[in-house]
J.: 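I am attaching a structure below and will ask some questions about it afterwards.
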Amino acid sequence: MSKFIKAALASSVLAASVMGANAAHAATANADARANILEELTVTKDAGTDLDFGTIVTTGTAETVTVGTDGVRAACVNVVCSGASDAADFSVTGSASEAVTLTVPGSVTLSGPGGAIMNANLSSSALTALDASGNGAFSVGGALDVAATQADGAYLGTFTVTVDYP
Amino acid sequence: MTIRGLKRLRNICVGLGAAASAVALSLSPAQAAGDLLVAPTRIVLDGQRGTEIILNNIGSETATYRISLELRRMTAEGRLTEVSPEDANELEQAAKEMIRYAPRRVTLPPNQPQAIRLGVRAPKDLADGEYRVHLLFRAIPKARSVTASPEQADGFSIALTPIYGVTIPVIIRQGNLSATAAIANARIEQGDEGQAFAFDLSRTGDRSTYGEIRVMKQGVNEPLLLVRGIAVYPELASRKVSLPVPPEVAAQLKGPLSIEYYEPRNIGGGLITKTELVLR
């Protein structure tokens with residue numbers, strides 16, 4: 001719906017000054033105005049929302065900790081899970097009823113202390129088209145594979161999510 | 001002499017709209033670093049040598065953005081899938097090589113637009129056809145160090161940082177190209193997320209088709225279903241189009257219907273193809 005307006009006013013100032021100098025001869029002044037209206041799109045991550053599995057304490061048995069696209073963490077059986085969990089929420093705006101597709105990587109590797117790694121499989125909610133007001137939203141959740149002997153420490157990773165316009 | 005002005009008022013409206021939609025999803029409507037606006041959303045160069053794309057930082061903090069050329073292929077379901085550089089075919093490789101753009105990396109304070117210039121340098125012996133790349137705009141996240149995370153006596157902490165962005169197609173047409181499309185096999189499908197109206201959209205010729213789909217009912221002026229930006233790219237001879245059916249439309253989606261495929265209004269809005277059917 002929203003339009004990004006780029007207005008280019010060509011030579012109107014110059015024309016006006018020339019006209020002013022010859023005011024006795026010119027009854028009218030011409031000015032050109034052009035506006036190029038572009039379709040735009042935006043992607044924003046809703047503040048305070050990140051894919052967060054909370055705090056996990058291993059107990060010597062492997063477990064997959066899953067956070068759904070609604071941000072709710074499935075019950076942990078073999079590990080102790082605490083703290084709030086969350087999914088990453090994104091908002092998209094663009095042209096009304098426009099088809100879009102999402103590219104979300106299937107899995108991401110997190111690196112931890114001393115070369116330790118952890119794997120997470122990502123999932124996203126569906127977004128196939130923006131609504132009649134040009135708005136859309138999607139969330140990314142994931143399933144984290146915690147090994148039985150997973151080293152303690154901080155694990156970091158990045159993943160790239162793109163909204164693709166056809 | 002040219003005076004250029006960017007009208008901010010509409011931008012503010014966009015910001016309010018985005019903030020309003022964010023409220024519905026979370027309690028904290030402020031925007032994160034790395035948020036971005038890109039315009040236009042599609043570039044077709046049919047003889048022109050170049051164009052400009054506007055990138056705007058609509059986040060609340062200064063952010064660095066990277067602009068890169070990516071390859072995508074359309075699947076039979078109409079999704080765009082990533083193609084790694086080593087899997088690129090000749091056409092995709094040629095497309096990548098003839099596009100020049102700058103800057104490729106830009107740091108912008110909040111609400112600061114930047115024009116990205118894009119030009120095409122086609123080789124003299126370039127074969128006729130449609131060449132396409134997808135221009136990716138994404139924010140580079142600020143580096144987070146492991147030591148910055150609070151130390152934990154037991155267990156571990158996880159920081160997964162999303163890098164998010166937008167891709168827009170850049171299409172270069174060489175020569176006098178044409179394409180036609182046809183619609184067949186319309187049906188109602190039951191999916192996980194309710195009913196969908198699906199059909200097959202086929203394409204012949206040497207370029208893509210792009211436009212909006214309107215599903216019309218005899219005697220009703222407004223389309224029952226409308227979706228814009230439906231493309232069939234040259235790598236496909238046919239794709240499936242699946243439109244979610246809102247519950248209030250489901251009851252009306254019966255009897256004599258027509259499915260119409262129009263070009264976008266800004267390039268004439270001509271009818272590409274149309275088919276009539278009776279749905280029971």
Side-chain angles (χ1 to χ4, degrees), chain A residues 2-11 13-14 38-51 53 55-58 88-91 93-95 97-99 101 103 108 110 112 120 126 128-129 135 137 140 144 150 152-166, chain B residues 1-7 10-11 13-14 17-18 21-22 25-26 28-32 34-42 54 58 72 78-80 82 134 136 138 141 144 146 149 152 154-169 193 226-231 244:
Chain A
S2 46
K3 300 276 189 278
F4 192 93
I5 299 191
K6 185 176 148 192
L9 299 169
S11 65
V13 173
L14 193 65
L38 304 174
E39 303 272 342
E40 66 171 36
L41 77 122
T42 70
V43 181
T44 54
K45 182 165 76 71
D46 303 344
T49 71
D50 268 306
L51 178 51
F53 294 92
T55 303
I56 300 162
V57 181
T58 52
D89 300 327
F90 297 90
S91 301
T93 67
S95 308
S97 308
E98 183 92 14
T101 73
T103 304
V108 56
L110 293 97
T128 55
N135 293 316
V140 178
L144 185 71
Q150 195 75 54
D152 286 357
Y155 288 80
L156 302 175
T158 58
F159 61 96
T160 302
V161 180
T162 62
V163 178
D164 302 317
Y165 255 53
Chain B
M1 195 174 88
T2 303
I3 301 163
R4 279 193 175 161
L6 290 169
K7 214 172 197 174
R10 299 277 187 131
N11 257 347
C13 298
V14 177
S21 63
L25 294 161
S26 88
S28 45
Q31 291 173 344
D35 295 348
L36 72 171
L37 177 151
V38 173
T41 56
R42 181 181 162 84
I54 304 290
I58 55 166
R72 295 275 194 277
R79 295 181 54 82
L80 292 169
E82 231 173 323
H134 294 258
L136 169 62
R138 71 189 144 169
R144 271 207 274 181
V146 178
S149 311
Q152 281 179 301
D154 203 8
F156 42 79
S157 67
I158 292 131
L160 255 179
T161 311
I163 300 169
Y164 51 101
V166 163
T167 68
I168 62 167
E193 288 167 36
L226 169 77
V227 65
R228 298 195 170 90
I230 297 291

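A note on names: the letters A, B, ... follow the listed sequences, proteins ahead of strands, and every chain is numbered from 1. As a basis for the values below, the full set of heavy atoms in this structure was taken, side chains included, without hydrogen atoms, waters or symmetry mates. Not measured: the values here are computed from a predicted model.
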J.: Please tell me if the side chains of A:Val140 and B:Pro162 come closer than 4.5 Å, counting only heavy atoms from C-beta onward.
T.: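 With C-beta onward as the side chain, the pair stays apart.
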
J.: Output the option from B:Pro40, B:Gly78, B:Ala231, B:Pro244 having the highest count of non-hydrogen pairs under 4.5 Å with chain A.
T.: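 Top option by heavy-atom pairs under 4.5 Å: B:Pro40.
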
J.: Can you say whether A:Thr160 sits under 4.5 Å from chain B via the side chain, the backbone, both, or neither, judging by heavy atoms?
T.: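 When you check distances to chain B, atoms from both the backbone and side chain of A:Thr160 fall under 4.5 Å.
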
J.: What pairs with A:Thr101 under side-chain hydrogen bond (donor to acceptor under 3.5 Å, both in side chains), at least two apart in sequence or on another chain?
T.: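 Once residues adjacent in sequence are excluded, A:Thr101 has no partner under the side-chain hydrogen bond (donor to acceptor under 3.5 Å, both in side chains) criterion.
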
J.: Enter the distance from A:Asp164:CG to B:His134:NE2 here, rounded to the nearest 0.5 Å.
T.: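 Rounded to the nearest 0.5 Å, the CG-NE2 separation comes to 7.5 Å.
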
J.: Could you tell me the separation between the OG1 atom of A:Thr93 and the CD1 atom of B:Ile58, rounded to the nearest 0.5 Å?
T.: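 The CD1 atom of B:Ile58 is 6.5 Å from OG1 of A:Thr93, to the nearest 0.5 Å.
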
J.: Does any heavy atom of chain A fall under 4.5 Å from the side chain of B:Arg79, the backbone, both, or neither of them?
T.: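 When you check distances to chain A, atoms from both the backbone and side chain of B:Arg79 fall under 4.5 Å.
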
J.: Between A:Ser97, A:Ala129, A:Gly112, which has the largest tally of heavy atom pairs under 4.5 Å with chain B?
T.: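 The candidate making the most pairs under 4.5 Å is A:Ser97.
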
J.: Find the one option among B:Glu82, B:Arg138, B:Arg228, B:Arg42 whose heavy-atom pairs under 4.5 Å with chain A are most numerous.
T.: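 Ranked by contacts with chain A, first place is B:Arg228.
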
J.: Please report the closest heavy-atom contact between B:Ile230 and A:Ala99, naming both atoms and the distance.
T.: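 So the two residues come closest at CD1-CB, 4.1 Å.
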
J.: Measure distances from A:Leu51 to the heavy atoms of chain B and classify the residue's part below 4.5 Å as side chain, backbone, both or neither.
T.: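 For A:Leu51, heavy atoms of backbone and side chain both lie under 4.5 Å from chain B.
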
J.: If you round to the nearest 0.5 Å, how far is OG1 of B:Thr41 from CD of A:Glu39?
T.: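 Taking CD in A:Glu39 and OG1 in B:Thr41, the distance rounds to 5.5 Å.
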
J.: Does a side-chain heavy-atom distance below 4.5 Å link A:Thr162 with B:Arg72?
T.: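 Side-chain contact under 4.5 Å: yes.
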
J.: By the definition side chain to side chain contact (heavy atoms under 4.5 Å, CB included), identify the one residue from B:Leu37, B:Asp35, B:Leu36 that meets it with A:Val43.
T.: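 The residue from B:Leu37, B:Asp35, B:Leu36 that satisfies side chain to side chain contact (heavy atoms under 4.5 Å, CB included) with A:Val43 turns out to be B:Leu36.
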
J.: For residues A:Leu41 and B:Ile168, determine if any side-chain heavy atom of one lies less than 4.5 Å from a side-chain heavy atom of the other.
T.: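 The answer is yes, as the side chains (C-beta and beyond) meet within the 4.5 Å cut-off.
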
J.: Can you pull out every salt bridge (Lys or Arg N to Asp or Glu O under 4.0 Å) where at least one residue sits in residues 156-169 of chain B? Sequence neighbours excluded, please.
T.: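 Listed by first then second residue: nothing to list.
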
J.: Side chain of A:Asp50, backbone of B:Thr161: donor and acceptor closer than 3.5 Å?
T.: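 No, A:Asp50 side chain to B:Thr161 backbone: no donor-acceptor pair under 3.5 Å.
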
J.: Give the minimum heavy-atom separation between A:Pro166 and B:Gly229, together with the two atoms involved.
T.: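 Closest approach of A:Pro166 to B:Gly229, heavy atoms only: CG-O, 3.0 Å.
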
J.: Would you name the heavy atoms of B:Ile158 and A:Leu144 that are closest together and state the gap between them?
T.: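 What the structure gives for the nearest pair is CD1-CD2, 3.3 Å.
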
J.: Checking heavy atoms, do the side chain of A:Phe53, its backbone, both or neither come under 4.5 Å from chain B?
T.: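 For A:Phe53, side-chain heavy atoms alone lie under 4.5 Å from chain B.
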
